[in-house]
Amino acid sequence: MLKNKDNKAFAYLYDHYSAALNTIILQIVMDAELANDVLQEVFVNIWRKIDQYDTTRGRLFTWMLNIARNSAIDTLRSKGYQNSRKNQSIPDNVDTIQASDVSLPGVDTIGLRKVLEKLKDEQRVLIELAYFKGYTHEEIAEMEKIPLGTVKTRIRNALIQLRGYLN
Amino acid sequence: MNIQEYISSGIVESYVLGLADEAERAEFEQMCALHPEVRAARETFEIQLEQHVMAGAVAPSANLRETILGQVFTEQHVQTNGHSTRASQPAKIFALPSAMRYVAAAAIILLAGSAVLNIYYFNRYREYSRRYDQLLAQQTELVKSNNVMQTKLNSYQNTIAGLTDTGMSVIKMMGKAAPSSPAPASMAMVYWDTRSKDVYLMANNLPMPAAGKQYQLWAIVDNKPVDAGMIDMDKAHVMVKMKNIPRAQLFAITLEQAGGSPTPQGPMYVMGKV
């Protein structure tokens, strides 16, 4: 149904998953207004790329979650975003600040970030950098001055532990 | 490495969360295809993750729904109208609607048919072109021979007109009349218009001259030969207009160098008195 680009199916998809995707985006960009832009971009991309979704590679939710995470990280890293933050005018900001005040405090206590707190500090930093900031293992090894093999092992171990906390 | 160790190595989580690198992803997808238990482990984690993220998720602001759905459906509208320039769907290029495939096949068949017809018509064109050239050559030939016939007919008509004209005096020149003619049987006629004094000649019977030689008609006026014109043997049996001779007592023909002589040098073939 989705692959046929059915409007109703897409509306259902939005109603069902927009909150979850919005959450992961918020947890990465940490800005409610920006998260709205990213969410919009994410759904447009889901719509465009739905033909590329391959059921053998995983569930639809996993595919969408990764699109959301990648878009959020791209936005966070793009210079355009950094400039727009500097140029933001005050009146435009009023709503944003309120929205942020409402949504952001809760963000750390839900979803993946909630389980992140249960990890040891050294593991949490690695997951933060790898999953929420999108750095490669090589970049992390350099930043943290740890051997690449150690970075990989620690991240794997952290993920196994995280999984245990999901239940 | 056995499958259980592989499953519990953290690769499943790494893959699903998008933290595995290219080689790890390729390996994992292969393992999923080969081992149902790897795939099952992946799905278990995916469901776990999905439930966890869904639980307590923060909904975006309600007005965003209309914005996003509106944008997506507008985009779909543009795409179905065929105005999209986006190249994001390479798969669609090959998914031609079946109707289009028939149209494409028909177009190719028509093109091939057209090519065959082109060759056929080109050969026909060459054939007709060749025949046209042939006809043109034949026609030119006919016109030419018709012109020859017309000229001949004209000269015969002139001859008949001259012969029947009562104002024409006829001088018969005989080989026997010429002293020591090389061909005593020779004969030629001079027709002399008594009004205009124009002289016409008909060479009834003269031997063909050798190459470089030509017969010349003379009018003898007061015992002096006056050139009356050269004789063209091609027109031997028709009346040929010679020069205008106002007065003469005799006419004679001698054989001279081609082009004639100022005074007669060669032998006299025929002669006749006025």
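Worth saying up front: this structure is predicted, and the values here are computed from it rather than measured. Just so it is clear: chains get the letters A, B, ... in the order the sequence lines come, proteins before strands, and each one is counted from 1. Scope of the values below: all heavy atoms of this structure, side chains included, with no hydrogens, waters or symmetry mates.
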Residue pairs passing the salt bridge (Lys or Arg N to Asp or Glu O under 4.0 Å) test where at least one lies in residues 137-163 of chain B, sequence neighbours excluded
none
Under a 3.5 Å cutoff, is there a donor and acceptor pairing between the side chains of B:Gln214 and B:Gln257?
no
Could you please spell out the steps behind the salt bridge (Lys or Arg N to Asp or Glu O under 4.0 Å) verdict for A:Arg163 and B:Glu13?
CA-CA 8 Å; A:Arg163 177 182 195 160; B:Glu13 297 76 8; 2.7 Å; yes
Residue pair B:Ile231, B:Met242: steps toward the side chain to side chain contact (heavy atoms under 4.5 Å, CB included) verdict
CA-CA 8 Å; B:Ile231 296 163; B:Met242 307 303 280; 3.9 Å; yes
Sidechain N-carboxylate O distance under 4.0 Å for B:Glu43, A:Arg59:
no
Looking at A:Lys152, A:Gln40, A:Arg156, which one has more heavy-atom pairs under 4.5 Å with chain B than the rest?
A:Arg156
Is any residue of residues 123-139 of chain B within less than 4.5 Å of chain A by heavy atoms, and which ones?
none
Honestly, the part of A:Asp15 sitting under 4.5 Å from a heavy atom of chain B is side chain
Could you report the tightest heavy-atom contact between A:Val42 and A:Ala68, atom names first, then the distance?
CG2-CA, 3.7 Å
Proximal component of A:His137, with respect to chain B [non-hydrogen, under 4.5 Å]:
side chain
Tell me, for B:Glu66 versus chain A, whether the close heavy atoms (under 4.5 Å) come from the side chain, the backbone, both or neither.
neither
Given that the side chain runs from C-beta out, which part of B:Leu69 has a heavy atom under 4.5 Å from chain A: side chain, backbone, both or neither?
side chain
Heavy-atom proximity to chain B below 4.5 Å, by part of A:Asn36
both
So for B:Glu50, is it side chain, backbone, both, or neither that comes closer than 4.5 Å to the heavy atoms of chain A?
both
Where B:Ala20 and B:Ile11 come nearest, the two heavy atoms and their spacing
CB-CD1, 4.5 Å
I need the minimum non-hydrogen distance between A:Ala11 and B:Arg65, along with the two atoms involved.
CB-NH2, 3.9 Å
Could you go through B:Glu29 and A:Arg57, starting from their C-alpha distance and side-chain angles, then the distance that decides it, and tell me whether this counts as salt bridge (Lys or Arg N to Asp or Glu O under 4.0 Å)?
CA-CA 7 Å; B:Glu29 282 168 13; A:Arg57 290 187 178 179; 3.5 Å; yes
If you take all heavy atoms of A:Ala19 and B:Ala59, which pair is closest and at what distance?
CB-CA, 3.7 Å
When you look at A:Arg69 and A:Asp74, which way does the salt bridge (Lys or Arg N to Asp or Glu O under 4.0 Å) test go after all the steps?
CA-CA 9 Å; A:Arg69 173 181 167 252; A:Asp74 286 348; over 6 Å; no
Do A:Arg154 and A:Gln123 get their side chains close enough for a donor-acceptor pair, meaning under 3.5 Å?
no
Heavy atoms only, distances under 4.5 angstrom: which of A:Ser18, A:Gly58, A:Ala130 has the most pairs with chain B? Name it, please.
A:Gly58
Under a 4.5 Å cutoff for heavy-atom pairs, which residue among A:Thr56, A:Leu65, A:Leu21 has the most contacts with chain B?
A:Thr56
Give me the atom names and distance for the closest heavy-atom approach of A:Leu76 to A:Ile28.
CD2-O, 3.6 Å
Contact origin within A:Phe43 toward chain B - heavy atom pairs under 4.5 Å
both
Could you name the residues of residues 34-42 of chain B that have a heavy atom within less than 4.5 Å of a heavy atom in chain A?
B:Arg39, B:Ala41, B:Arg42
Quick one: salt bridge (Lys or Arg N to Asp or Glu O under 4.0 Å) partners of B:Lys213, sequence neighbours excluded?
none
